[in-house]
Amino acid sequence: MRRRDLIAIIACIVAFPLAAHAQQQASPASTDISKCAHNPDGFPHRLDGPQWNGWGADINNSRFQPAAMAGLTPEQVPRLKLKWAFGFPGASAANAQPTIVGGLLFVGGGDRKVYALDAKSGCTRWTLATEAVVRTAISVGPISGTDQFAVFFGDVRANAYAVNATTGALLWKIKVEDHPAARIVGAPTLYSGVLYVPVSSFEEATGSQPSYQCCTFRGSVVALDSASGRQVWKAYTIPEAPRPTKQNVIGTQLYGPSGAAVWSAPTIDVQRQALYVATGNSYSNPAADTSDAILAFDLATGRMLWHRQVTANDSYIVGCLGADPTNCPEDHGPDSDFGQSPVLVSLGNGQRVLAVGQKSGVVYTLDPDQEGKILWQTRIGKGGPLGGIMWGSAVDEKRLYVANSDLRFLPGGTMSLDPAAGGGLFALDLATGKVSWQVAPVPCGDRSQCSPALSAAVTVIPGVVFSGAVSGYLRAYATADARLLWEIDTARNYATVNGVSANGGAMDGPGPTIVEGMLYVASGYAQWSGLPGNVLLAFEVRNP
């Protein structure tokens, strides 16, 4: 692989949504050829019925769906069959996770639109055009002072939105960060009338240009009043503002500290009235001691309560891999940032822990009641810029389920995925960190653009864990013994309910959501040479 090609491709991928659509503005809901024939006022079902709301299914980001909500048993999983498919027109990636609340499904399409569909049939309730691509999962909650409900999400131009869940009418739209590289990738978390928005950036790529004054972005969490969009507080992950440090070899002024992006949904601790986030690496020197860390903020004020760094001195930009490392920090780090939300869970003895996996390939639990004291750490992968533990782990009452990527490219100057390199699926004892079982990566065979790497977030229901692979396969395993219960190859063409030409591809980023006997999952992720795709799939249990 030519490293300069990697830099160019990454910069192009992350910059495209901004450059191509900079002038687009949110527009009213539009019609669709698959529009539902009957569209009653309000939700078709009760809001407190079966649902998957937001990224992690709950404010603890457990990614665990209880039996009453799931409506799906281990015995039924092998009988899951495709019920409907929905295509996102013109998209090459389906990388937003669907939310299902009140019988409706809400999802960003990778095409600068957000869709509200009937969860059972896939017909369209409404469509909203957005300023930029929406990758975040969507949170649903009441509109203060009314009997209506709103959906909340963010886009890759750092805009947060509130939209009427029934009609698709825009209620408010707020830009939460003015830095030109800022974006919202992690899902905003809604709690008690406040929307907590994580802010990340792609300055790690643009900062690699020798003429670029690297780097000035700081990650943050922004608390917004859910009714009005008014900012309640904003807390930076690096308290110190960037300052001039030195000039590079061509005379460009450099800045630091910078980075510590928040790529994932915040986790809420009701008991301590705290919010937890995991941060990315620093972009420039001096490296911040809040990068590659778990941070705790006060819910009411945004005051940082504590931080626990697990990898020090991890200043890194994409240029560190390239032919022109001009802006690469001296003694740069390994790019071992956190891409997933910390999971807050109580053990059988009542002890509470935060569980989280890192791109280093190491899994941690920390004590939220002792300022993030590390309780155990277990290595399950090699780690690396595209390897290690990526988007989301899940818990049940005993174990933490972790997908490991360890994605690699073949040598020889190309961006070809190594069809033999992948990390596997692991179940770890929550109390000790001991590996209970593991599933080796499933080889690709002769499939093109394939890797057995497991980068997508995993999802758990009682007795079953689901994991999607870069190969395009979605698999379900028994949580007791890792026995394979079901698999489906999503990387194929589909006839869709909305008449859009669609195909599945690599699975990366979001995991499946399971509600009322149905499983929903997006397929298609064009980055890192994976198979592109533009489809949302819905599966139901069929009788033999």
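Because only heavy atoms are used, hydrogens play no part in the values below, and waters and symmetry mates are left out as well, while side chains stay in.
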Check whether any side-chain heavy atom of Cys214 lies under 4.5 Å from a side-chain heavy atom of Ile317, and answer yes or no. yes
Taking the inter-plane angle between the rings of Trp263 and Trp391 on a 0 to 90° scale, is it parallel (under 30°), tilted (30 to 60°) or perpendicular (over 60°)? perpendicular
Full working for side-chain contact (heavy atoms from CB on, under 4.5 Å) between Thr326 and Val249: CA-CA 7 Å; Thr326 299; Val249 294; 3.8 Å; yes
Which heavy-atom pair separates Val232 from Ala300 by the least distance, and what is that distance? CG1-O, 4.5 Å
For Val163 and Phe106: C-alpha separation, side-chain torsions, deciding distance, then whether side-chain contact (heavy atoms from CB on, under 4.5 Å) applies. CA-CA 11 Å; Val163 174; Phe106 305 97; over 6 Å; no
Residues Ser200 and Arg183: side-chain donor-acceptor under 3.5 angstrom: no
Between Gln97 and Gly511, is there a donor-acceptor pair closer than 3.5 Å when you use the side chain of the first and the backbone of the second? yes
Would the distance check show the side chain of Asn327 and the main-chain N or O of Tyr212 forming a donor-acceptor pair, the cut-off being under 3.5 Å? yes
Sub-3.5 Å donor-acceptor pair from the side chain of Asp406 to the main-chain atoms of Gly387, do we have one? no
Mark yes or no for whether Ser405, through its side chain, and Ser455, through its backbone, hold a donor-acceptor pair below 3.5 Å. no
Ring centroid separation Tyr196 to Phe297 under 6.0 Å: no
Looking only at side chains, do Ser201 and Glu203 share a donor and an acceptor under 3.5 Å apart? no
Backbone of Val221 reached by a side-chain donor or acceptor of Trp233 within 3.5 Å: no
What verdict does the side-chain contact (heavy atoms from CB on, under 4.5 Å) test give for Tyr161 and Leu171, after you've listed the backbone C-alpha separation in whole Å, the side-chain angles of each residue and the deciding distance to 0.1 Å? CA-CA 8 Å; Tyr161 298 75; Leu171 301 175; over 6 Å; no
Taking only residues two or more places apart in sequence, or in another chain, which ones meet Gln340 in a side chain to side chain contact (heavy atoms under 4.5 Å, CB included)? Val356, Ile389, Ser393
Under 3.5 Å, is there a donor-acceptor pair between the side chain of Ser220 and the main chain of Val222? no
Closest approach of Gly219 and Phe217, non-hydrogen atoms and distance? N-CE2, 3.3 Å
Holding to side chain to side chain contact (heavy atoms under 4.5 Å, CB included), I want the full list of residues that pass it with Ala265, two or more places apart in sequence or in another chain. Trp55, Asn61, Ala187, Thr189, Ser341
Quick one: does Val535's side chain get under 4.5 Å of Phe88's, heavy atoms only? no
Donor-acceptor check, side chain of Ser139 to backbone of Gly54, threshold 3.5 angstrom: yes or no? no
Just by distance, do the side chain of Ser471 and the backbone of Cys450 share a donor-acceptor pair under 3.5 Å? no
Roughly how far, to the nearest 0.5 Å, is the CG atom of Leu536 from the CG atom of Leu117? 7.0 Å
Might you point out which heavy atoms bring Leu305 and Ala274 nearest each other, and give the distance in Å? CD1-CB, 3.9 Å
Where Ser284 and Pro257 come nearest, the two heavy atoms and their spacing: OG-C, 4.3 Å
Taken to the nearest 0.5 Å, the spacing of Leu354 CG from Thr365 OG1 works out to 9.0 Å
So NE2 of His332 and CG of Asn313: to nearest 0.5 Å the spacing works out to 12.5 Å
Taking the side chain as every heavy atom from C-beta outward, state whether Asn404 and Val402 have any atom pair closer than 4.5 Å. no
For Asp298, does its backbone N or O pair with a side-chain atom of Arg303 as donor and acceptor, under 3.5 Å? no
Applying side chain to side chain contact (heavy atoms under 4.5 Å, CB included), name anything that partners Lys246, two or more places apart in sequence or on another chain. Leu254, Glu330
Tyr115 vs Phe86, test: side-chain contact (heavy atoms from CB on, under 4.5 Å). Steps then yes/no. CA-CA 10 Å; Tyr115 296 85; Phe86 186 93; 3.6 Å; yes
Within the 3.5 Å criterion, strictly below it, is a donor on Asn60 or Ser62 matched to an acceptor on the partner's side chain? no
Give the C-alpha distance, both sets of side-chain angles, the deciding distance and a yes or no for side chain to side chain donor-acceptor pair (under 3.5 Å) between Asp314 and Ser336. CA-CA 7 Å; Asp314 189 12; Ser336 291; 4.6 Å; no
Using only atom types and a distance under 3.5 Å, with no angle test, would you say the side chain of Thr99 pairs donor to acceptor with the backbone of Ile138? yes
For the residue pair Ser282 / Ser291, report whether a side-chain donor-acceptor contact shorter than 3.5 Å exists. yes
If you compare all heavy atoms of Gln253 against all heavy atoms of Pro244, which two are closest, and at what distance to 0.1 Å? NE2-CB, 3.5 Å
